[in-house]
2 protein chains.
Amino acid sequence: MNKQNVTIYDVARESGVSMATVSRVVNGTSNVRPSTKKKVMDVIEKLNYRPNEVARGLASKKTTTVGVIIPDVTNNYFASLARGIDDIAAMYKYNIILANSDGKEKKELKVINTLLSKQVDGIIFMGNEITPAIRKSFKDANVPIVLAGSVDSKKTVPSVNINYKNAIENVTSELINHHNKKIAFVSGDLRHSINADHRLKGYCDALSKHDIQYNQNYVFETNESYKDGYEISQNIVDQKISAAVVTDDSLAAGILNWMTDHNISVPDDFEIITSNDTQITEMTRPKMSSITQPLYDIGAVAMRLLTKIMNGDIEDKYKENDVLLQYGVINRESTRK
Amino acid sequence: MNKQNVTIYDVARESGVSMATVSRVVNGTSNVRPSTKKKVMDVIEKLNYRPNEVARGLASKKTTTVGVIIPDVTNNYFASLARGIDDIAAMYKYNIILANSDGKEKKELKVINTLLSKQVDGIIFMGNEITPAIRKSFKDANVPIVLAGSVDSKKTVPSVNINYKNAIENVTSELINHHNKKIAFVSGDLRHSINADHRLKGYCDALSKHDIQYNQNYVFETNESYKDGYEISQNIVDQKISAAVVTDDSLAAGILNWMTDHNISVPDDFEIITSNDTQITEMTRPKMSSITQPLYDIGAVAMRLLTKIMNGDIEDKYKENDVLLQYGVINRESTRK
DNA sequence: ATGAAAGCGCTAACAG
DNA sequence: CTGTTAGCGCTTTCAT
């Protein structure tokens, strides 16, 4: 019942060596004679000594913890990335401080600051948009930062993503090939680069390649919620639109269920293809066709990249560092063959 | 471009006071003459000084960070609790170190240790089971611990939950009232106290109150996955079971969809009621009836309780501290009226 | 109201 | 291979 925490000094005294030696055996750095090493280890065991990482952090200027900024853990897309991040972090002996931001700039800025004051060794940022203020605080931070599943329109920060533009272009083309003339593009906030510069661009490119006129009425801006999907569906149908490319699975589920609830058969009368291939694509009836993204891997690779940068293993960290992972498309039941 | 971080010493010098005074204005503790306070604040602003929380943690023995152990962030049930935890933590100026355990004792033990070595001020634990080893490490930890959405059969740790037994008993009774004679109980690992001692108990109590014979063949032990639900359904149907009480929403969705896929009408031919009221209960067709739990609140209340204990605001922290939040039942479309 | 000084527990030269 | 000695940046008595 050692209430008082035992320190390195206690171990040193008890085993008749200096604290430097204890530090050495604990860190496995530099050589220590096997016999004294064993002696120290025994005392550590006996006293149940556990190094104080805070003291270590102060002395070494490394905390072995990284900050992870996430819009909302409750969102399966981001949660999947987070899982990949944490697993790789654990693999490299890092811990993560997880902070929800709701994708709000103000919260993001605040949390970046507290993370920095906690001396994290690096930050993984997930967010809808890298605003100028965010970009500035990234620049001022003296720790490396990597984006996961998030794009920086200015490409000023290393990131890992898929090629959203190509992916959306692919599925839009497929829908066009199914003879759909009017195809909706249903996304989140169009002020966000990921939606405007990448996904909408892909949609537009597909249209123009097939000589289809772009119609602004067919693009729907939402909050990417199930409810939003359900609510905009009437409007979609009223315009005689026959297919939709959707950027979020919950959102897509809302549209799908509205159709079903209104006796519009999917995929016979209406086709839907969504973007994130989260678990819910399998749970709806019909199951949803989707772009497939290696969600876990995006997080994992981002964390791996961060460890490399923190380690100085990367020649030029300002160099091009936008890794694009492979995406795919899975045709389930919300699209025709 | 202040590459070198500015320290408390720098602002002390720059503003012509001692570091003790700077510390005082930063912490707002004890009195400082308004004029000198302003002077210091200005310098802090000018130098863009940000207190080093690690140094502060070492000196004060408080890190204002708490550890959160979670089986899997990717699981919406736990993610919802985590969101409640983080929000309240932020409200009280704490950060959370989030660690996934997969509910595996070995990982849990390991992570408890690293959390403790990082000097967290407290821990919120979510897990399926408090094993003797876990209980021991909790006892040895010299920081408070609170369970969220998790039960300790020995009631040795403060916790916040709902009354799982009563909830399951309620819904089972309802199914019995719908004239179902054979009702399945589909749960996760029955070695876990929450399933065996609480939920199964509730199921049994409902049966016995209605003079229905308990039949072991009607209880299904699973991994609580969608896939498991889908796979056990044939067995359920083969036994002429006409309703199921399920402990997890994905699991329930699996059963529901299997029924639908096999032309068994829910709820006409088969009734299902699930337990967690996560988002997917609204996404399936028919929508699933469910026990409703205040998921976010369970996390939030757990965190609030932890802050109180950390603060010493609770008289006797060894006293009965099992808070039970209100649950409800919502009848959607997978049960008859 | 403010300053001086002693740590907090550990790492990291620097000696030897 | 091992010990000595400075700090790391801040909080916290104890004086004044």
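Both backbone and side-chain heavy atoms feed into the values below; hydrogens, waters and symmetry mates do not. As the structure is a computational prediction, the values presented were derived from the model and not from experiment. Every chain is numbered from 1, with letters handed out A, B, ... down the list of sequences.
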Note to self: Measuring to OP1 and OP2 of dG7(C), would you say a side-chain N or O of Tyr9(A) lies under 4.0 angstrom away?
What the structure shows: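 No.
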
- Query: Under 4.0 Å between a side-chain N or O of Ser60(A) and OP1 or OP2 of dA12(C)?
  - Reply: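 Checking Ser60(A) against dA12(C): no side-chain N or O falls below 4.0 Å of OP1 or OP2.
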
Using a 4.0 Å heavy-atom cut-off, does [X] contact any base of the nucleic acid, only the sugar-phosphate backbone, or nothing at all?
X        : value
Asn52(A) : sugar-phosphate
Thr29(B) : nothing
Val17(B) : sugar-phosphate

Want to settle it: does Glu53(A) or Met19(B) sit nearer the 5' end of DNA chain C, counting the closest nucleotide to each?
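This one resolves to Met19(B).
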
Distance in angstrom units between [X] [atom1] and [N] [atom2], rounded:
X        : N       : atom1 : atom2 : value
Ile8(B)  : dA4(C)  : CD1   : P     : 14 Å
Asn31(A) : dG16(C) : CG    : P     : 21 Å
Asp10(A) : dC8(C)  : CG    : P     : 11 Å
Arg56(B) : dG9(C)  : CZ    : C1'   : 19 Å
Asn27(A) : dG9(C)  : CG    : C1'   : 13 Å
Arg50(A) : dC10(C) : CZ    : P     : 12 Å
Asn5(A)  : dC8(C)  : CG    : P     : 13 Å

Return the [atom1] to [atom2] distance between [X] and [Y], rounded to the nearest 0.5 Å.
X         : Y         : atom1 : atom2 : value
Ile70(B)  : Phe125(B) : CD1   : CZ    : 11.5 Å
Leu295(A) : Leu81(A)  : CG    : CG    : 5.0 Å
Lys154(A) : Ser193(A) : NZ    : OG    : 8.5 Å
Leu116(A) : Phe138(A) : CG    : CZ    : 10.0 Å

Checklist entry - First and last nucleotide of DNA chain D touching chain A, 5' to 3', heavy-atom cut-off 4.0 Å? => result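 Range of nucleotides touched by chain A: dC1(D) to dG9(D).
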
Exercise. Just grab all the ring pair (Phe, Tyr, Trp, His ring centres under 6.0 Å) pairs involving residues 95-121 of chain A, residues at least two apart or on different chains.
Key: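 Matches after skipping sequence neighbours: none remain.
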
Given [options], the nucleotide with the shortest approach to the side chain of [X]:
X        : options                  : value
Arg24(A) : dA12(C), dC8(C), dC14(C) : dC14(C)
Leu58(B) : dC8(C), dA1(C), dT11(C)  : dC8(C)
Ser23(A) : dA12(C), dT11(C), dG9(C) : dT11(C)

- Query: Could you give all pairs that pass the side chain to side chain donor-acceptor pair (under 3.5 Å) test and reach residues 293-307 of chain B, with sequence neighbours left out?
  - Reply: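 Found Asp87(B)-Tyr296(B), Tyr92(B)-Arg304(B), Asn276(B)-Gln293(B), Arg304(B)-Thr307(B).
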
For a quick check under 3.5 Å, do Lys139(A) and Thr156(A) share a side-chain donor-acceptor pair by atom type?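 Absent: no donor and acceptor within the cut-off.
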
